[in-house]
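In each ligand, atom 1 is the first atom listed, and ligand 1 is the first ligand listed. Everything numeric here is computed off the predicted structure, so don't read it as measured data.
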Amino acid sequence: MALIDDLKAVQDQLAQQLAQATSLEALEDLRVRTMGKKGELTMLMKQMGKVAPEDRPAVGKFANQVRGQIESALVARKGELAKQLLAARIERESADITLPGRTQTPLGTQHLISSIREEIEDIFCGMGYDVVDGPYVDTTWYNFTALNAPEDHPSRSAKDTFYVVDNAPEGKPTHVLGESDVLLRTQTSGVQVHTMETTEPPIFMICPGTVFRPDTADANHLPQFTQVEGLVVDEGITFGDLKGTLDYFCRQIFGEDRATRYRPHFFPFTEPSCEVDVSCGVCHGEGCRFCNNTGWIEILGAGMVDPAVFDFCGIDSKRYTGFAFGIGVERVAALRYDLPDLRMLMTGDMRFLCQF
Ligand code: PHE
């Protein structure tokens, strides 16, 4: 029967075309060409009226079967195609997240000042010292008065100390610079006072930390730098203990080949006082810009705790003696590595910092 053959032909042809439809658009096109209003199958179904009445049930049944099969073949192919397309897309767009990035972010290192500070901590911890902390923002009591600095000491002026000025609501300072009690500490020595106020001797402590001074940065000054304060208080402590301790420290940090010298000096809070210099490694004692042509670099101040300081802090100055010192960490770094300019430590230049 002609119509049955035509239906079969459409079905066979569709099976081939389905395999060739490799996109959803092509498949939709095929569906319209077969089952749309003017599609081949639709047109054949319209010829049903011309079939002889006695054949109609059988032909109709067959035609319906064919239509059902074509419909499900189209749906099945659509599902298959969607799956393939998704798989291809996942393959195309997948990323290997274990691959290294195209732009490599350079790894930093611990800053030279931090590692030297830790090294200094290790040396003193090895001698039984505690490491303590203190406030960056402190008062004139801790930074000057209890350290025996007279009221008119020049270091108290706003030229040498950053005062913290509270701002009134209108934004006008309530304090004139230099008249505020609150300041950025200019030395870690205030931590001596904080410690003695709260701790019974024997005291063996160091305090590493940042200090601030209104200085213009140059080869050997920075407006913000790092000190390590040291304080020892016990019965019978002598200048010999001070010298033995600091000699040991200098040998540990600089090695045996650098010379040290103790120069008499004055600090309000120690008596007698000294400064300790280490021979300049840039010029080996000849004199250069870094050592101000002296051949020596000052790295620390020290002295025996003035009994007046004990009195300010409530420690029995008849019973106890002690020594204190303050080490400049940037200068230690400069001496160890022959840095000609302290400002190198502040630039954040990775080419410089990664050498250490
Ligand atoms: N605070 C002193 C300074 O900043 C250093 C120092 C500390 C001196 C302790 C003596 C004792 O210069």
Please classify the Phe269 to ligand 1 contact at 4.0 Å (heavy-atom distances, strictly less than): side chain, backbone, both or neither. side chain

Non-hydrogen atom of Ser273 closer than 4.0 Å to ligand 1: no

Need the ligand 1 atom indices (1-based, order shown) with element for anything under 4.0 Å from a heavy-atom of Phe325. 7 (C), 9 (C), 11 (C)

Quick check against the 3.5 Å criterion: does Asp349 have a side-chain atom that pairs as donor or acceptor with the backbone of Arg351? yes

Nearest-option assignment for atom 6 (C) of ligand 1, heavy atoms, candidates Ala324, Gly328, Gly303, Gly301: Gly301

The protein heavy atom nearest to atom 12 (O) of ligand 1 is Phe267 CE2, 3.7 Å

Are the side chain of Thr188 and the backbone N or O of Gly209 linked by a donor-acceptor pair below 3.5 Å? no

What do you reckon, does Arg213 have a nitrogen or oxygen under 3.5 Å from a nitrogen or oxygen of ligand 1? yes

Note the single closest protein heavy atom to atom 7 (C) of ligand 1, along with its residue, its atom name and the distance in Å. Gly326 N, 3.3 Å

Suppose we measure from atom 2 (C) of ligand 1 to each protein heavy atom; which comes out shortest, and what is that distance? Gln187 OE1, 3.7 Å

How are the rings of Phe312 and Trp141 set to each other: parallel, tilted or perpendicular (split at 30° and 60°)? perpendicular

Can you confirm whether more than 12 heavy atoms, excluding those of Glu286, are under 6.0 Å from its CD atom? no

Is there a chain of hydrophobic side chains (I, L, V, M, F, W, Y, each step under 4.5 Å between heavy atoms) that links Met127 to Leu231? no

What about Thr186: any of its N or O atoms under 3.5 Å from an N or O on ligand 1? no

Pair Tyr337 and Phe356, ring centroids less than 6.0 Å apart: yes

Quick one: are the ring centres of Phe204 and Phe124 less than 6.0 Å apart? no

For ligand 1, which atoms, with element, lie under 4.0 Å from some heavy atom of Gln192? 9 (C)

Indicate yes or no: does an N/O atom of Ser189 lie under 3.5 Å from an N/O atom of ligand 1? yes

So CG of Asp181 and OG1 of Thr140: to nearest 0.5 Å the spacing works out to 4.0 Å

